[in-house]
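What follows is a set of notes on a single structure, which appears directly below.
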Amino acid sequence: MKVDVILGLQWGDEGKGKIVDVLTPDYQIVARFQGGPNAGHTLEFEGQKYILKSIPSGIFQEGKINVIGNGVVLDPALFRQEVDALEASGHTLTDRLFISKKAHLILPTHRLLDAAMESSKGDSKIGTTGKGIGPAYTDKVSRNGLRVGDLFHNFEEKYRIAIDRHKQMLSQYHFEYDLSELEAQWFAGIEKLKEFTIIDGEHFINKSLLQGDRILAEGAQGSMLDVDFGSYPFVTSSNTISAGACIGLGVSPHTIGEVYGVFKAYCTRVGSGPFPTELTDETGNLLRDRGHEYGSVTGRPRRCGWIDLVALRYTVMLNGVTKLVMMKSDVLDTFDTIKACVSYIVNGEETEDLPFDLSDNIEPVWVELPGWETDMSQMQSEDEFPEEFNNYLTFLEDELGVPISIVSLGPDRKQTIIR
Ligand code: GDP
Ligand code: IMO
Ligand code: MG
């Protein structure tokens, strides 16, 4: 069988978690393939709301295996908090959450290094989530990382060597810190981690495929935060695009089936970096208020703007999206006019292609469409969609060249229409 991929097409927080949860019943395994606790994936059902960080969003559907893949960076301290909170609300995980031996560990000093590096950048800081993501992936690529599988092989010594190296780096940043509490939390997390089944993820996934299982690969962040193709350097440190699923799970490109590209009916970004369609006016504030656009990890207000079809065309191309998923349409329910950016004017020239440097002086070219001014949040079928909404869908499908197969009309699992 195939690995279908769900990923974000904008700057993260598109609503990936909700869609993974909704589609999980069709799969046997859900596997996260990159990122770490910089992610915050929100799920709502039966009046409850959960925010998942490192645990895959298939965890609430009965009888499904969830895998943390080799491409993920895992912080044991935060993992323990997440597991404890879920167990306290009655969800047992140990028999259905497996962790790849090759996933890299975020050490307590990675978080300190993240903070030190950010403060050394002053005004040009990235606005990271502060979870140590960049330093952990840096250690992975520079071949200094510690992996989950190392827990069973001379771990104390490897840990000490890594921490001593980080301490030297921190002293170069003149960064003040107290490691003892962080370390205590971290080692408590290691004990928790050991309660779980640690697997050879790539073998597990490939054998499951051969056995006929369907696998859903869950992305984190968004394609515009991809370390190669995003708005560099204001990006995360992993490959968030569909190709990342092959690397982050150890599956061949031949195994990839559908690629679900999730996007909001408008656009948001949290952290620093260019955002061509950002609205710093009342309309931006209205989008933030109606969409409750505050970061699920850091609580920071998200920057809001109209949909950017130049960026979306680019990310649809990079990912080979086969099905589009439009989220948060209900947030636009009260607008009389909706705008979409169809091209950019860069240095006086109009282009439909994303330029190399998004921080160049970019002027969006807008198309205005009539709003539907109808509360859509309780609609049960696409037959109820207002004409103006159907026109917006058709306009986006024409611009992006891919069908919109799922429309989300609210945060709850049930507020989802599959077309
Ligand atoms: P993710 O990181 O891509 O999983 O997205 P987040 O969970 O960070 O952010 C999406 C937010 O929008 C969460 O608060 C969701 O509960 C909420 N949400 C998801 N889909 C919809 C929708 O269709 N309408 C509204 N109003 N909220 C939604
Ligand atoms: P989910 O999976 C939105 C952003 C940060 C910062 C940049 C680098 O919930 O969509 P990092 O901590 O990764 O080094 O930060 O990336 N960022 C996200 N923005 N959603 C996310 O995850 C994000 N994960 C990282 O705000 O700009
Ligand atoms: Mg999020």
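Predicted model only: the values in this text are computed from it and were never measured.
No option in Arg288, Glu293, Lys328 other than Glu293 meets the side chain to side chain contact (heavy atoms under 4.5 Å, CB included) test with Thr268.
For the pair Asn239 and Ile247, the minimum side-chain heavy-atom distance is 4.5 Å or more. Under the 4.5 Å side-chain criterion, counting only non-hydrogen atoms from C-beta, Gln10 is not in contact with Tyr266. Between Thr277 and Phe275 there is a side-chain heavy-atom pair separated by less than 4.5 Å.
Across every non-hydrogen atom of Tyr27 and Leu23, the tightest pair is CD1-O, 3.2 Å.
Thr322 contributes a side-chain N or O that, together with a main-chain N or O of Val259, makes up a donor-acceptor pair within less than 3.5 Å.
Within a 6.0 Å radius of CG in Asn361, other residues, nucleotides and ligands contribute 12 heavy atoms or fewer. The environment of Leu151 atom CG is dense: over 12 non-hydrogen atoms of other residues, nucleotides or ligands sit within 6.0 angstrom.
Less than 6.0 angstrom separates the ring centroid of Phe187 from the ring centroid of Tyr159.
A perpendicular orientation is assigned to the rings of Phe335 and Trp306, their planes being inclined by more than 60° (bins at 30° and 60°).
In this structure, a donor-acceptor pair under 3.5 Å is absent between the side chains of Gln172 and Gln168. Between the side chains of Lys18 and Thr416, at least one donor-acceptor pair of N or O atoms lies under 3.5 Å.
Cation-pi check for Arg413 over Phe45 is met; the charged atom lies under 6.0 angstrom from the ring centroid and within 45 degrees of its normal.
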- Message: Before you tell me yes or no, could you show the steps for Glu218 and Lys16 under salt bridge (Lys or Arg N to Asp or Glu O under 4.0 Å), namely the whole-Å CA-CA distance, both residues' side-chain angles and the distance that decides it to 0.1 Å?
- Response: CA-CA 8 Å; Glu218 174 179 1; Lys16 301 172 289 294; over 6 Å; no
